[in-house]
Amino acid sequence: MEVSTSRKIADNLSWLGVQEVFARLSGILLVVVLARNLSTSDYGSLNICLALIAMLSLLVRSGTGSRAVRLTARDAQNITGLYWQVTGLRFAMALVVSSVVIVLAQPISTFLSVPPSLLVLSVVMLLRPALTVAWAFRGLDNRRPIALSVMIERALVFAGVLLLLPLHGITAQAVILLEILAGLAVVVFLRTRLDVLLGERPPLRLHPTEWGAMFRESLPISLAAMTASLYRYGDLLLLGLLAGSSAAALYIIPHKVVMALLIPAVLIGAASFPSASRIMHKDVGAAIEVQARLFRMTLVVLLPACALAWFYAIELLALLFGGDYSEGDIVLKILLLSVPLFAYATFQENLLLAVPRPRAVMTCRVFASAVHIMVSLLLIPTHGIVGAAIGCLIGQLLFAITSAAVWKTQHGRLPLQSLCSAPVAASGLMLFALASTAAVLSVWQSLIVAALLYLVSVVLLRGVSRQEARYGLNYILGKIPRVGTRS
């Protein structure tokens, strides 16, 4: 049983990793294509609409996913009863939310600086969260269909954009239409897989009288998710409201670059949580040691990438997205400061959830998000996209501080200085090498010198032990068997 469970967890984590890497990398490629072929105003309007729909999707789900996952995990037979109940409640919520947005389309589009037609078309995207059955596969502890659905959806959108470019060009409305079609295709894919798994589609059994109890039980989860979404999408909506869609585009591009850099932290954090939970139950000190080592290794990977992006911010934005977006270099530099904070918060959150203290995590998130939005609201009118970036940085800093304070009250302080000093110092030396050689060497020569200096210094400063470096090299070369392979 233990071996079977471990294999299931490893398999799910593998699919989760593939899904995240594919989604984020294909997302960055799509951003590059769209940013180069849409005006800053159109690209900003597109992202504002997508952000609004992402937040409204949480209302459509109404927190029912967590309840359905829990009941399905307890007994797979519950899927039959939940199948239409969850879909019915979500579809009803989608109709209500869509009707409100359509009726108020004119004032909403004016406030957010987006075309009313684009906003109304975007509402159709709410069908995906209303009709999806991803919750069933999560409850069955089967991540493979979900990962495949995400990859299929992103591949369809990207392929559609590439096909439209040489034919009729691309518009924001066309991108939204592609998102709608890809989303519906994924809904059909997941429902077909589930029907095959169950042997037949469950008979239609709608009981609206039960929706009230389901909604009341799931409402706190929905509100918590909405609060967390403000942290991700709040700045974009505020920029649309206070500074216009072009400003939103100049902000979202650096933000997406930073999110791409955070892939290692996200994946390592997700992969390490089950182990942290298991070890925490037996030995808190051992769990802290494992998470601390992973945090240090994450910084070793992230900080040199951040240093390069910081030094070549203007060139990076101009090369990938075009000269119109090079004005976002200050925003990129500010957001890059939040990368180590995000990494720390990820592993600190893992520890708190493994204890477990989910309410403490939610409280810290709510407080940090509230301050983040308030600071952005105050600074955007006078500082524009720079004000939004400062608000994001302050919010991430506050979550890191408050989560650390909560942990310290029961388990003591984490040894941050010993964890961070080596990769931070090595990254500082790397920046110095880039700055001192930029005038006398070519870009590639400067990069080689800086990279060699970083590798040598991070090893000498014991940011990576020789044993860890040797193990990682042997793993990459295939001399150490992967999970699931025979030695």
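Within the 4.5 Å cutoff, no side-chain heavy atoms of Tyr344 are placed close to those of Leu299. Looking at Ile252 and Tyr43, their side chains come closer than 4.5 Å, going by heavy atoms from C-beta outward. Put simply, the side chain of Leu337 reaches to within 4.5 Å of the side chain of Trp310, judged on heavy atoms. Between Val150 and Val186, the closest side-chain pair of non-hydrogen atoms is not below 4.5 Å. Counting only heavy atoms from C-beta outward, the side chains of Leu332 and Leu316 approach each other to under 4.5 Å. Leu429 is not listed as a side-chain neighbour of Tyr454, based on a closest heavy-atom distance of 4.5 Å or more. When side chains are defined from C-beta on, Leu178 counts as touching Leu164, because their heavy atoms get closer than 4.5 Å. Inter-residue side-chain proximity for Thr171 and Val175 is flagged as unmet; no heavy-atom pair is nearer than 4.5 Å.
Annotation for Gln173: atom CD counts as buried by contact number, over 12 foreign heavy atoms lying within 6.0 Å.
Taking each heavy atom of Cys306 and Leu336 in turn, the nearest pair found is O-CD1, 3.7 Å. Between Tyr251 and Ala389 the shortest heavy-atom distance is CE1-N, 3.8 Å. Residues Leu46 and Ala172 come closest through the heavy atom pair CD1-O, 3.9 Å. Shown here for Ser245 and Ile48, the closest heavy-atom pair between the two residues is CA-CD1, 4.1 Å. Between Ser149 and Ile146 the shortest heavy-atom distance is OG-O, 2.6 Å. Minimum heavy-atom separation, Leu239 to Ala247: CD1-O, 4.2 Å.
Gln445 places a side-chain N or O within 3.5 Å of a backbone atom of Ser442 that can act as its donor or acceptor partner. Here the side chain of Thr40 pairs no donor or acceptor atom with the backbone of Ser246 at under 3.5 angstrom. Here the side chain of Arg154 pairs no donor or acceptor atom with the backbone of Leu30 at under 3.5 angstrom. Within the 3.5 Å criterion, the main-chain N or O of Gln106 finds a donor-acceptor partner in the side chain of Ser109. Looking only at distances, a side-chain donor or acceptor of Ser113 sits under 3.5 Å from a matching main-chain atom of Gly240. Formation of a donor-acceptor pair under 3.5 Å by the Asp42 side chain with backbone atoms of Leu38 is not found in this model. Side-chain atoms of Thr402 come within 3.5 Å of backbone N or O of Phe399 as a donor-acceptor pair. Using a distance-only test at 3.5 Å, with no hydrogens or angles considered, no donor-acceptor pair links the side chain of Ser98 to the main chain of Leu95.
The CG atom of Leu452 sits 10.0 Å away from the CE atom of Met430 when rounded to the nearest 0.5 Å. A distance of 4.0 Å separates CG in Leu118 from SG in Cys49, rounded to the nearest 0.5 Å. Taking CZ from Phe22 and CD from Glu153, the interatomic distance works out to 11.0 Å, rounded to the nearest 0.5 Å. Distance OG/Ser369 to CE/Met374: 10.5 Å, rounded to 0.5 Å. Taking CG of Leu434 as the reference point, atom CG of Leu308 lies at 6.0 Å (rounded to 0.5 Å). Here the CD1-CG distance, from Ile170 to Leu165, works out to 5.5 Å after rounding to the nearest 0.5 Å.
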Going through the distances and angles, do Phe342 and Leu302 end up as a side chain to side chain contact (heavy atoms under 4.5 Å, CB included)?
CA-CA 11 Å; Phe342 181 92; Leu302 285 181; over 6 Å; no
Side chain to side chain contact (heavy atoms under 4.5 Å, CB included) for Lys256 and Asn47? Distances and angles first, verdict last.
CA-CA 11 Å; Lys256 287 183 180 292; Asn47 278 278; 3.5 Å; yes
Hey, mind stepping through Leu393 and Leu341 against side chain to side chain contact (heavy atoms under 4.5 Å, CB included) and telling me if it holds?
CA-CA 9 Å; Leu393 177 61; Leu341 295 174; 3.9 Å; yes
Side chain to side chain contact (heavy atoms under 4.5 Å, CB included), that's the test. Do Leu126 and Ser57 meet it? Break it down for me.
CA-CA 6 Å; Leu126 293 176; Ser57 295; 3.7 Å; yes
Using the rule given for salt bridge (charged side-chain N to carboxylate O under 4.0 Å, His left out), can you reason through Glu179 versus Arg128, listing the C-alpha separation, both sets of side-chain angles and the distance that settles it, and then say yes or no?
CA-CA 10 Å; Glu179 292 280 358; Arg128 187 193 189 287; over 6 Å; no
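Here the rule is side-chain contact (heavy atoms from CB on, under 4.5 Å) with Tyr312, and of Leu447, Leu317, Asp329 only Leu447 fits it.
Asp235 and His255 share no side-chain donor-acceptor pair at under 3.5 Å.
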